[in-house]
Structures are given as C-alpha cells and as structure tokens.
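Working notes, structure below.
Counting starts at 1 for both ligands and their atoms, in listed order. Just so it is clear, the model here is predicted, and its values are computed rather than measured.
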Amino acid sequence: MLEDLRWLGIRWDEGPDCGGPYAPYTQSERREHYLEAWRRLRDSGWIYPCTCSRKDVAQAAGAPNDADDEPLYSGKCRPEKSPLLAQQTREKWGTQRFEAPAGLNWRFRVPDGEIIRFTDLHLGPQCMTAGRDFGDFIVWRRDDVPAYQLAVVVDDAAMHITEVVRGADLLKSTARQILLYRALGITPTDFYHCDLVRDEAGVRLAKRHDGLSIRKLRQMGCTPEQVRAGVYNLASAMNDHPSVTPAPRKLIIAIDGPAGAGKSTLASRLARKLGYVNLESGAMYRALALLAIEKDASFDDEAALVRLAEGASIQLEPTIGGNRTLLDGVDVSSRIRERDVTEGASRVSVHPKVREWMVAQQRAMGVGGGVVMEGRDIGTKVFPDADLKIFLDADPVVREQRRMAQQKITGEVAASVAAELRERDRRDRMRAASPLEASADAVTIDSTSMSEEEVLARIEELVKRKQSVKVS
Ligand code: DC
C-alpha cells in the first residue's frame, strides 16, 4: 500500500518507512500501548471475556441488521453489570487469563440504549444507539492481537491525531470508538467521513470484493496523473458543486456564567439558529444528584457518587428547541428542576472526581463541533480550546428576579429560593475544583440591561466572525 501511494505521488512526514516522533508506526511493534489500554478497560470493568465464535455470533443474531457491519452480539457471555466486574472476571477466569488477554475474545460492554452523538465534519450531526445500532464489540481477539477499534483509538491518541478522515462505512465504528475514548478518559479526534465510491452494482469498492485498487489501475497501464485526474473527476461528480466554498466550520461554543444569567435560553436559541446541538451540562450534575437521592447516597460521599455515575446512564438528548435529560433511559427533565435536586446538584458538583467523570462525558459529546454547551467550566475545563467562549453575567439582583419570574415564585418562598440561589452561586465560585470563573480568552457579556434579543445578536455576530476564520 505504501508503495502504491508513493507511486501515486502522495508523500508523508511520518510512518513505518521514515520514522517520526511517535515511532514505532507498525502495529505489531506497538503491543505495549494496546496492552496498557486493555488493562485499563479490564480494571475499570468495561470489558469481559467472550468464548463465542464468529459463527455463534452470526447465528444468534439472525438476519443481519446492516450488511456492511458486524452482527449485533447476543450478550451470551456478557456478565451482569457490577462495580466489581474486574474482580469477578479474575475469580471466574483465574489469574492467568486475567493478567493476559490471549486465548479469549474480550468484548466492550456498550451502555444499552444510550445515544452516542457526534458531528461529522462532512455528514453533519450523527446519532447512534448503543445496543441497537451496534452491540458489544471485540477489543482484543483470541489470537492475541488488539482489534481494530482499540488499536486506532490508542494510536490516534498516542500520536496526537486531531482529525480522522475515512470512508462513511466506518460511521458506526466512530460511535464505538467514542465509547472507548470515553472509557479511557481521552478526548476524541474530529471525524470526517467521505462518501463511498461504489461500483456499477452499487457495491462499495473494497478489498474483499476485489474492488478496483490503485495496484490494479497501475497494472492496467494507467499513469499516476490519470489516476489523480480520475479521482478528481469522481469527487467532482459526487459533489453537485465542486468549486463552491466549503460549508461554514462547525464550532464548539462554550457559554459559562452564574445561575440566572440567561445561559439556558440563550444557548438553546443560539443552537436552534445555527442548527447545532445544545447541551446543558448542569443537567448532568442534576441527574447525578437525583440518582444520589434515589439511592440514598450522601452528596458529600465523593467515591459513592463516582460509583453511581459510572454505573448509570446519564444522557442529554437534544429535542426540537430544547433538551431532554434521561437517567437510565427515564426522562427526568422536569424532576431535576425541583428544589431538592437543585440543591444536591450544587453539592455533588464540588467533588473533583465527579467533575472528572462529567468532563470526560461532556468532551465526548463535543466531538466534531456543532455544539453549544453551557455550564460553569465549559470554557475553562471541558473545552479549553473551544472556538468561542462566552461568559454571560448579570447583576445578582437582576439574576434573582429573572429566576423568580421564570419559576413564577413570589412572597416568602421567593426570599428563601433567592437565598438558596446566592448560596449555590457562592459554592460555584468558591469551590476548589474548577470554580466558576471566566476563561482568560472568553468574551464577557453583561446582560443586566440587555434584552435576550440583544444578547443573541451579539453572540451571533461573534459566531459569524469565528466561522469566517480560516483554519489551517
Ligand atoms: O446550570 P444548573 O443550575 O443546571 O447547574 C446545576 C449545578 O451544577 C450548579 O449548582 C452548578 C453545577 N455545574 C457545574 O458545577 N459545572 C457545570 N459545567 C454545570 C453545572
């Protein structure tokens, strides 16, 4: 393949044949990197051994759900979900099997029902449901090599890859890989999936169908110039307007600020206007607080809270004009606005380990851009490289009044709700872990005497400016 690419006139700065800062580049020489990731996944209970053969899996799955993708795994070897999974795996399989992956397939347990979202730089917003669009997938094969999904995630992270370009047949694998990135606590790359080139019968060109390869064209007597011209013509034909300017860049927009500054309304309106996904990070802290209430865990017990978070599925699902928050698949969007949860969210969010978990999830949601995320630490911690950072502030009295009006509260209740709001604000600003503060490169907007329309117009202007900036 390297030889064919060189013939075609393509050159590279790093690689197996010329070395580079992240050598070695040959997969078989990078085993230690993959093993380290395998150990981390094993110890955190994300993966489990599976003895099913390919044939077992194909038979159990029945009709293929997607001819180009692997069948859904039936879950035959999948153990019960448990925080002690790693320990149970060791007990069941013995220390030798536990210490080295060889001899068994190791599968990643996907969070059933969770919607994995990302914005593809070419194909736009994507969403796939774990357990339905794809099932538990192999990360280490019984013949003792890492599976594709694990190898690419580990390599791309180790080699500081920022953008992956590949065929659209791998879109679903992106969702799998996002889960791996998340489980390993790594920020995913951006993804650009190209339209597929197909043959006359509509079948995508692929090695296994003996599709037309560069080697074949070469053997047929084509010159590199002819092949390059052919690729260009093909790309032009696949694109209605080959010479139009590219679509505006999909940005990551971070909106931070204290409660009552108007972040939520603004983020939602802005996202709708831009066709972006609106993610309200506070809802995730709220969902965890609700879970703690339901499970009778203390808001002060950091370890218990992290265990709860890891064992649960907390999803933010964008809807038309808003967000839904799902906790283990149940819509808790209204419940999490109640006073006990509001107070709990403020308390669970002070713990560094809770925040670490939240930040990893939130980063995965921003893959590919096209996201407006609001919260307290989005510009400082979640997306320190966000394209646009807004710090939305307002006079405390005005913020309190807005909150009361929004919740239609008056009288004595209003006074105590206002006092709670002040206390939460204080906690947000004073906590040691990621306190609420404006990132140095954020644009601060004081909305005290501005209407919603005015704030929105101001931000839209900033977005336009950012979109027109050319990135190299
Ligand atoms: O924005 P909100 O009121 O729904 O947030 C609920 C709580 O979570 C709030 O007390 C602050 C905290 N939070 C945080 O610490 N970091 C975020 N990114 C978002 C919210």
Going by the side chain to side chain donor-acceptor pair (under 3.5 Å) test, which pairs reach into residues 289-309, not counting sequence neighbours? Asp300-Arg347
Determine, step by step, whether Arg141 and Asp144 satisfy the salt bridge (charged side-chain N to carboxylate O under 4.0 Å, His left out) criterion, reporting the C-alpha distance in whole Å, the side-chain angles of both residues, the deciding distance to 0.1 Å, and the verdict. CA-CA 5 Å; Arg141 297 183 354 200; Asp144 201 19; over 6 Å; no
State which residues pass ring pair (Phe, Tyr, Trp, His ring centres under 6.0 Å) with Phe137; sequence neighbours excluded, sorted by chain then number. Phe108
I need the Leu251 CG to Asp387 CG distance, nearest 0.5 Å. 4.5 Å
With sequence neighbours excluded, what pairs up with Ala168 under the side-chain contact (heavy atoms from CB on, under 4.5 Å) test? Leu123, His193, Leu196
Which protein residues have a heavy atom under 4.0 Å from ligand 1? Glu280, Ser281, Gly282, Tyr285, Arg286, Ala345, Ser346, Ser349, Arg355, Gly375, Arg376, Asp377, Ile378, Asp428, Arg431
Among Arg424, Arg286, Glu420, find the one that has a side-chain hydrogen bond (donor to acceptor under 3.5 Å, both in side chains) with Thr342. Arg286
